[in-house]
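Letters A, B, ... mirror the listed sequences (proteins, then strands); counts begin at 1.
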Amino acid sequence: MSIIDTAKQAAQGLMQGAMEKLVPLAPDSWIPGGRPDPLIAHKHGLIGTPVSRLDGALKVKGEAGFAAEFRFDDMAYAALAYATIPRGRITAIDSAAAEAATGVVLVMTHLNAPRMNTPGVFGSSPTAVGPADLPILQDARIHWNGQPIACVLAETQEQADHAASLLRFTYDAEPSTTGLASAKANGIEPGLFMGQPLHNRIGDADAALATAPHVVDQVYRTPRHNHNPIEPHAATIAWIDGALVIHDASQMVTAQAQTIGEVFDLKPDKVRLTSPYVGGGFGCKGLWDHQIIGAAAAKLAGRPVRITLSREGVYRVVGGRSLTEQRVAIGATAEGRFDALVHTGLSIMTPHNNMPEPFILGTRAAYACPNISLQVDIARMNMLANTFMRAPGEAVGTFALECAVDELAVDLGMDPVELRILNEPDKDPTSGLAFSSRHIVEAWRNGADHFGWANRNPEPAKHRDGEWQIGMGCADRGRGGGNGHGDLDHHRDRRRGTTGSVARSGRDRLRRLLDPGRDHGGGIAADRGDRCGRHRGT
Amino acid sequence: MSFVVNGNAVPGPADPRVSLLDHLRETLHLTGTKKGCNQGACGACTVLVDGERILSCLALAVQYDGRQITTIEGLAEAATLHPLQAAFIEHDGFQCGYCTPGQICSAIGMAAEARRGVPSHVSADLAAEVILTRDEIQERMSGNLCRCGAHNGIIDAIQATIAPAPTAETSAEMAA
Amino acid sequence: MTPFTYLRADTVNDAVRLGAGETAAFLGGGTNIVDLMRETVARHEILVDVTRLSDAVTETAEGGLLIGAAATNTAVAEHNGVRRRYPMLSRAILAGASAQIRNMATVGGNLLQRTRCTYFYDTDGSHCNKRAPGTGCDAREGFNRIHAILGASDACVATHPSDMCVALTALDAIVHIEGRDGARTLPFGELHRLPGDRPDLDTVLAAGELITAIELPPLGVAARSTYRKVRDRASYAFALISVAAALEMDGDRISDVRIAFGGVAHKPWRAAKAEAALRGELASEAGFRAAAAAEFADARPLRDNAFKPELATRTLAAVLAELAKGDVA
């Protein structure tokens with residue numbers, strides 16, 4: 001099969017695996033669809049130079065327009081009602097008081113919502129970014145406590161909110177799984193992340209652990225984390241001449257537009273999704289139920305709709321990082337060399353999404369060790385579908401790993417920084433590939449020097465400053481290349497140039513860059529402008 | 001009822017449920033002031049009323065009859081940014097920009113409180129003149145959250161503009 | 001938020017007249033009641049704005065202070081008389097909420113703010129005898145980190161969230177009230193109730209009674225006082241434990257002491273037992289801890305707040321040690 005054929009594979013899982021093998025081996029010119037970025041070989045020294053953000057003036061004046069700040073004439077405001085059982089069916093809806101309330105335009109439930117396709121769930125295709133494989137307002141089924149089950153439209157937000165509080169639902173509750181113990185009891189499956197198994201096996205870690213003179217073997221649990229970007233999710237939506245216009249807050253503009261379009265059987269050129277400014281994303285400003293509900297309500301009412309989630313709404317509708325239960329076991333020689341490294345455990349998903357918290361990602365490239373066993377299993381709960389959150393997997397996985405390393409240092413009577421440096425790998429311990437760059441030891445030495453690490457008292461609870469006990473700890477987080485979704489995008493971007501950007505020249509030689517990327521604070525506007533300037537010598 | 005927003009007299013809402021925040025954003029189309037929580041926890045909705053900083057999300061608009069409201073839109077003089085706005089850019093006191101209008105209005109209100117000698121939770125001596133150390137600024141700005149983590153730049157910007165002790169010059173600039 | 005009628009009172013008589021009736025409530029800065037209405041925990045049909053009533057802080061003939069109930073938190077905290085003669089009150093106010101909220105919130109509203117128990121707030125199915133009498137108390141077996149260890153009942157384990165009220169309790173403040181039956185005063189410690197079997201009643205006020213002022217009697221010991229708040233964040237969070245204390249020394253002996261705790265009960269807790277144990281005694285860490293032990297002997301911790309008696313003990317000891325050294329201003 002040729003590289004081009006591989007690149008044409010629709011299933012993202014297959015594509016991902018192929019890219020992992022291709023990226024490090026292929027010359028730049030072979031990567032499907034692209035030409036090498038001419039800047040790669042260039043030392044221009046601009047990275048790291050302080051540059052004021054291009055959108056700074058707009059932001060400090062309050063003129064940067066966010067999703068809930070676009071307006072259409074004759075716009076109606078939406079308010080949602082949420083299910084209060086984790087699983088079951090709605091058996092009755094009493095909407096009389098809500099419908100009669102002042103200013104109410106309509107009440108939309110599964111009984112009268114337009115027929116819509118189920119959004120393609122993240123991972124089911126290269127462009128699908130739906131939150132879960134669940135139809136939205138198409139039937140009476142409840143899948144999580146907090147599921148939006150009704151949308152009220154009214155002339156003002158106050159009227160909509162009040163009317164929504166008047167809705168009454170009767171449920172037929174069914175048995176549900178909302179605890180870790182019962183989730184495990186229902187069955188454990190191997191985890192797949194972006195189509196790839198979360199599994200690595202080098203040597204025989206169990207056997208090596210059994211004979212290691214020093215062993216630490218612990219279980220670390222991390223709780224669910226809720227997303228709370230300061231801008232609550234919102235969208236301002238209108239149907240205009242058969243096209244759907246959504247002023248949204250999105251970290252994945254193109255895919256979001258496409259996925260929403262497919263819900264309504266719209267061709268891509270019939271969906272226009274804008275997201276010039278995002279008030280914080282961190283992995284959660286994607287497609288959830290509310291945009292689809294808003295678009296459906298706009299269709300039903302024949303009016304534009306503003307739908308904003310309250311802060312409570314964000315907790316009900318927007319998923320967060322799932323909980324984990326992780327085992328880290330390290331077996332070491334008397335000198336402290338790692339001979340066995342086991343990092344396994346459980347993450348939780350729903351029956352309708354596919355996002356195991358990939359907590360072994362950081363461990364894959366962390367330490368030299370001849371026997372490594374990594375595995376993420378999953379169990380399922382009836383809950384709001386979980387999603388990416390800042391440093392998916394690595395945030396909670398390195399917590400567990402680094403705690404175990406620290407505990408091993410105590411067992412060995414070794415300095416925890418020296419223990420880490422002793423086990424620094426010279427190539428990726430799970431893939432066998434050379435590192436493109438790695439400066440962890442340098443960072444350790446600089447950090448230890450900077451913080452006066454050598455002067456610390458290694459015994460806990462020994463150093464006081466007035467009423468405070470002072471401690472010093474350390475940890476590291478290496479990000480392996482080609483292991484994570486984000487890294488692959490980075491490789492793709494570098495080799496193909498900025499994704500999907502179109503540059504136009506006007507007669508006045510003003511160059512405008514049209515870029516479907518979005519800035520949620522990372523300064524991409526300045527970066528893109530800068531890079532494009534570099535490309536064109538301006 | 002009516003009030004003055006950025007120097008312009010405007011009527012209040014007919015519905016007493018409307019917050020000052022929603023009246024600014026939805027009726028007056030002044031969307032610079034942001035809704036981050038609608039429950040008084042984040043400070044993104046901070047505006048100045050007769051020079052004092054308040055949370056517009058918890059303020060019922062009808063309670064502000066006759067008051068002078070200043071929002072982020074009222075700070076710049078035509079094309080010239082308020083010194084604090086310029087400082088936020090220079091010291092990179094923001095990333096996504098959503099908390100920024102609230103931060104700036106809050107800092108201006110804070111400067112006025114400090115000039116007046118209002119102590120804070122971290123003031124060692126309740127009766128002493130206020131010196132705006134970094135600790136004092138952090139405490140006085142604790143009602144404004146930033147989820148992107150631009151706090152260091154925010155404090156740098158405030159400190160650079162207001163300085164450890166407000167001088168006559170910065171006071172005049174702040175009052176403008 | 002339910003639709004309501006907004007009325008503004010320009011005099012106390014107006015307020016009392018307009019605020020009569022079960023469906024009316026008084027509106028100060030709105031920092032609590034607007035939130036409660038938005039969450040549909042409260043559903044008042046009439047709100048009477050009393051922010052135009054007296055906000056003055058004036059000297060009384062006896063040498064104390066009279067604080068109009070419409071005074072904002074900030075105005076009270078920055079008042080020179082409060083800062084110099086009742087510093088615990090200034091510090092208590094400055095430890096609460098955020099500057100923006102302190103600029104809006106009134107004294108009257110602060111006294112009447114409601115608990116922040118999450119079950120009280122959750123109208124989506126939580127059982128709460130305070131919000132809906134007779135439905136139960138989910139907090140007793142639920143998430144109860146911020147809940148009461150003293151004076152609670154089977155019906156309710158909520159705490160009062162105010163910092164200002166803890167100081168007012170220690171200062172023996174007097175509450176001035178007006179109602180349809182005329183004016184009355186009340187010792188501060190009698191304003192707030194313990195839950196008993198009526199947790200829906202936070203205070204002893206009758207419907208339509210309006211707090212018009214708080215009076216601080218002259219209190220020499222208050223000049224050497226402070227407030228300490230222990231919470232999960234360095235700022236802008238409710239107390240797990242707080243202590244308001246005033247101390248007067250005669251050489252090495254404690255000649256007078258005032259102590260109140262926040263974060264432990266349905267009302268601010270005047271630590272009468274601890275005070276009695278300390279008066280006339282030598283100031284010592286052991287003595288401070290013993291006094292706290294006496295006060296918390298009957299404490300009934302819950303699943304998530306078993307740390308509170310020890311935390312309260314250490315906080316009291318630290319505060320009294322600080323006051324004994326005379327380092328506070």
Side-chain angles (χ1 to χ4, degrees), chain A residues 50-71 75 77 102-103 155-159 161-162 227-232 234 236 249 251 276-282 284-285 306 308-314 390 518-526, chain B residues 13-19 21-27 29-39 41-44 47 57 71-76 79 81-82 84-105 144-150 157:
Chain A
V51 176
S52 284
R53 295 171 188 264
L54 297 182
D55 50 12
L58 290 180
K59 287 177 175 174
V60 299
K61 289 194 289 184
E63 289 174 12
F66 294 82
E69 294 160 7
F70 290 84
R71 280 186 354 260
M75 195 171 69
Y77 291 82
T102 308
E155 301 297 339
T156 72
Q157 192 66 60
E158 293 78 15
Q159 289 165 338
D161 290 341
H162 174 59
H227 267 293
N228 270 296
I230 195 158
E231 176 205 24
T236 307
Q251 295 179 246
Y277 294 99
V278 177
F282 313 115
C284 77
K285 284 278 170 56
R306 164 82 59 68
T308 54
L309 295 184
S310 63
R311 195 44 72 176
E312 174 196 357
V314 175
R390 197 75 169 227
R518 68 291 167 274
D519 184 350
H520 53 285
I524 217 170
Chain B
D15 187 342
R17 294 176 295 184
V18 177
S19 65
L21 176 64
D22 281 324
H23 193 64
L24 291 169
R25 285 172 61 82
E26 301 303 321
T27 310
H29 305 145
L30 294 170
T31 55
T33 310
K34 306 302 183 192
K35 180 179 287 187
C37 73
N38 214 25
Q39 50 189 218
C42 77
V47 297
C57 75
T71 71
I72 190 75
E73 290 93 344
L75 293 184
L81 293 177
H82 186 284
L84 196 55
Q85 287 173 313
F88 264 65
I89 296 173
E90 191 188 321
H91 294 273
D92 204 29
F94 55 91
Q95 289 185 32
C96 77
Y98 200 78
C99 78
T100 309
Q103 299 279 357
I104 292 173
C105 287
N144 289 82
L145 304 185
C146 168
R147 292 292 286 160
C148 294

Start with the C-alpha gap between B:Glu26 and A:Arg71, add the side-chain angles, then the distance that decides, and say whether salt bridge (Lys or Arg N to Asp or Glu O under 4.0 Å) holds.
CA-CA 9 Å; B:Glu26 301 303 321; A:Arg71 280 186 354 260; over 6 Å; no
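- Note that the OG1 atom of A:Thr156 and the CZ atom of B:Arg17 stand 6.0 Å from one another [nearest 0.5 Å].
- Of the atoms belonging to A:Ala68, heavy atoms from both backbone and side chain fall under 4.5 Å from chain B.
- A:Glu63 CD to B:Glu73 CD: the interatomic distance, rounded to the nearest 0.5 Å, is 8.0 Å.
- Atom OG1 of A:Thr102 sits about 9.5 Å away from atom CG of B:Asp15, to the nearest 0.5 Å.
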Derivation of the side chain to side chain contact (heavy atoms under 4.5 Å, CB included) call for B:Cys42 and A:Ile230
CA-CA 8 Å; B:Cys42 77; A:Ile230 195 158; 4.2 Å; yes
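- Smallest separation of non-hydrogen atoms from A:Pro232 and B:Lys35: CD-O, 3.3 Å.
- Here B:Asp22 contributes atom CG and A:Gln157 contributes atom CD; the two are 7.0 Å apart, rounded to the nearest 0.5 Å.
- Atom NZ in A:Lys61 sits 6.0 Å away from atom CG in B:Leu81 (nearest 0.5 Å).
- Between A:Phe282 and B:Cys148, the closest side-chain pair of non-hydrogen atoms falls below 4.5 Å.
- B:Gln85 places a side-chain N or O within 3.5 Å of a backbone atom of A:Val60 that can act as its donor or acceptor partner.
- Using a 4.5 Å cut-off between heavy atoms, A:Gln159 touches chain B through backbone and side chain atoms alike.
- By the 4.5 Å heavy-atom criterion applied to side chains, B:Tyr98 and A:Lys59 are not counted as neighbours.
- Here OG1 of B:Thr100 is found 11.5 Å from CG of A:Leu58. Values are rounded to the nearest 0.5 Å.
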Applying side chain to side chain contact (heavy atoms under 4.5 Å, CB included), run through B:Val18 and A:Glu158 and close with a yes or a no.
CA-CA 7 Å; B:Val18 177; A:Glu158 293 78 15; 3.7 Å; yes
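- For a residue to count as touching a neighbouring chain, one of its non-hydrogen atoms must lie under 4.5 Å from one of that chain's; by this rule B:Asp92 touches chain A with the side chain only.
- Taking chain A as the reference chain and counting heavy-atom pairs below 4.5 Å, the highest number among B:Gly97, B:Gly32, B:Ala150, B:Gly36 is found for B:Gly36.
- Side-chain contact between B:Arg147 and A:Glu231 is absent, with no heavy-atom pair separated by less than 4.5 Å.
- Between B:Pro101 and A:Gly62, the shortest heavy-atom contact is CG-CA, 4.0 Å.
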